[in-house]
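A short worksheet on the structure shown next.
Indexing begins at 1, ligand by ligand and atom by atom, following the structure's order.
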Amino acid sequence: MNLTDKLELAKNVALQAGEFLLQNRSFNVEKKAHHDYVTECDRAAEKLIRSALLSACPQDGFYGEEFGQAADGAQGSGQWIVDPIDGTTNFIKNIPTYTVSIAYEADGQIQLGVVLCPPLDELFWAQRGVGAFLNGKPIRVSSVSDPGDAVSGMGFCHRVPQDAQCIQSLLPALVSQLSDLRRLGSAAFDLCCVACGRYDAFFELGLHLYDFAAGWLIVEEAGGIVTGWPGDKSLAATGNVLATNSILHPWFEQQLG
Ligand code: IPD
């Protein structure tokens, strides 16, 4: 199956999973760790996505948030990277910014990214070299160049207390210099907000690849930049994400460095 067909498959599978999440509002919740929850729906949605992708693409591997590397996936050159619900706390509380995030990686790069926000009916996608889209229309990052006009998204990584403290220590200076800050609770959705110009930047420490793989490509294909934080060896290794409209990247690097 070529990449264009895989993109169509991923969009359809995301929509199926999104419909499942919208229809299932009664579920058990388990605490994985402090501030870290999982529901029956996270697991069921991952199974649904894995089965649909691997039955259509048996030569691919599959890595998901809830079950890790799929035993029934191949060890070929391509791999699906999936977060069935990015923003599980939002899903539990019925706050509409949770997403289904599906990325496809091959040849050492993310080739496709699909992020669906079911309650808002927003389907973002990108294909490497082809562009980024929201509900079929091309999207671009903002052209804001003055930090005083910029709105940035951010996330706290509650799993690692030092990371949460680091973010909190940066906030006073950022609040006083930026136009405003937001915390929506889904890193995949935050990245899509940078890609379509709602946000001018987004930053968080210690994300997992499944949280940001699809959004990473969507931002880049919309003309933005996604890197690790200053001093990081690589974004994929640390999960410390800085995404901007590219113009503001040096300013944010200075603030976070
Ligand atoms: C979480 C969301 C949240 C971010 C957390 C992630 P999950 O993903 O992306 O915005 O702040 O660090 O873990 O756990 O709901 O898939």
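Annotation for K11: atom NZ counts as buried by contact number, over 12 foreign heavy atoms lying within 6.0 Å.
Proximity of I85 to ligand 1 is established by a heavy-atom distance of less than 4.0 Å.
Each of D5, V13, N12 was scored for a side chain to side chain contact (heavy atoms under 4.5 Å, CB included) with L9, with one residue passing: V13.
Polar contact with ligand 1: present for E204 (N/O pair, distance under 3.5 Å). Of the polar atoms of G155, none of the N or O atoms is found under 3.5 Å from an N or O of ligand 1, judged by distance alone. Note: no N/O pair closer than 3.5 Å links D36 and ligand 1 by distance alone. Below 3.5 Å of separation, one finds an N or O of A187 facing an N or O of ligand 1.
Across all non-hydrogen atoms, the minimal contact from T39 to V29 is CG2-CG2, 4.1 Å.
With hydrogens left out, the protein atom closest to atom 14 (O) of ligand 1 is E65 OE2, 3.7 Å, a heavy atom. In terms of protein heavy-atom proximity, atom 7 (P) of ligand 1 is closest to G87 N, 3.6 Å. The protein atom (non-hydrogen) at minimum distance from atom 13 (O) of ligand 1 is R159 NH1, 2.8 Å.
Within ligand 1, counting atoms from 1 as listed, the ones closer than 4.0 Å to a heavy atom of D211 are 8 (O), 16 (O). Each of the atoms 11 (O) of ligand 1 lies under 4.0 Å from some heavy atom of F156. Close approach to T88 involves these atoms of ligand 1, each under 4.0 Å from a residue heavy atom: 15 (O). Under a 4.0 Å criterion applied to the non-hydrogen atoms of S186, ligand 1 contributes the atoms 9 (O), 10 (O).
With a heavy-atom cut-off of 4.0 Å, H208 does not touch ligand 1 at all. By the criterion of a heavy-atom distance under 4.0 Å, neither the backbone nor the side chain of Y98 is placed next to ligand 1. Contact annotation for R183 and ligand 1: only side-chain heavy atoms (C-beta onward) come within less than 4.0 Å of the ligand. At a heavy-atom cutoff of 4.0 Å, ligand 1 is contacted by no atom of T89, backbone or side chain.
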Next on the checklist: Using salt bridge (charged side-chain N to carboxylate O under 4.0 Å, His left out), reason through E122 and R198 one step at a time and then give a plain yes or no.
Outcome noted: CA-CA 14 Å; E122 290 193 337; R198 292 173 187 159; 2.7 Å; yes

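Salt bridge annotation for E105-R128: absent, with no cationic side-chain nitrogen under 4.0 angstrom from a carboxylate oxygen. Look at K32 and E65 and you find a salt bridge, because one of the NZ, NE, NH1 or NH2 atoms lies within 4.0 Å of a carboxylate O, short of that distance.
A donor-acceptor distance shorter than 3.5 angstrom exists from the side chain of W229 to the backbone of V241, with no hydrogens or angles considered.
Side chains of Y104 and D60: a donor-acceptor N/O pair is present below 3.5 angstrom, by distance only. Residues T97 and N90 bring a donor and an acceptor atom of their side chains to less than 3.5 Å of each other. Defined by atom type and a distance below 3.5 Å, a donor-acceptor pair is present between the side-chain atoms of D42 and T88.
Here the shortest heavy-atom distance to atom 9 (O) of ligand 1, taken over D83, L207, D86, belongs to D86. For the residues G153, P84, G185, the heavy atom positioned nearest atom 10 (O) of ligand 1 is part of G185.
For the pair R183 and F156, the NZ or CZ position fails the cation-pi test of under 6.0 Å to the six-membered ring centre and within 45 degrees of the ring normal.
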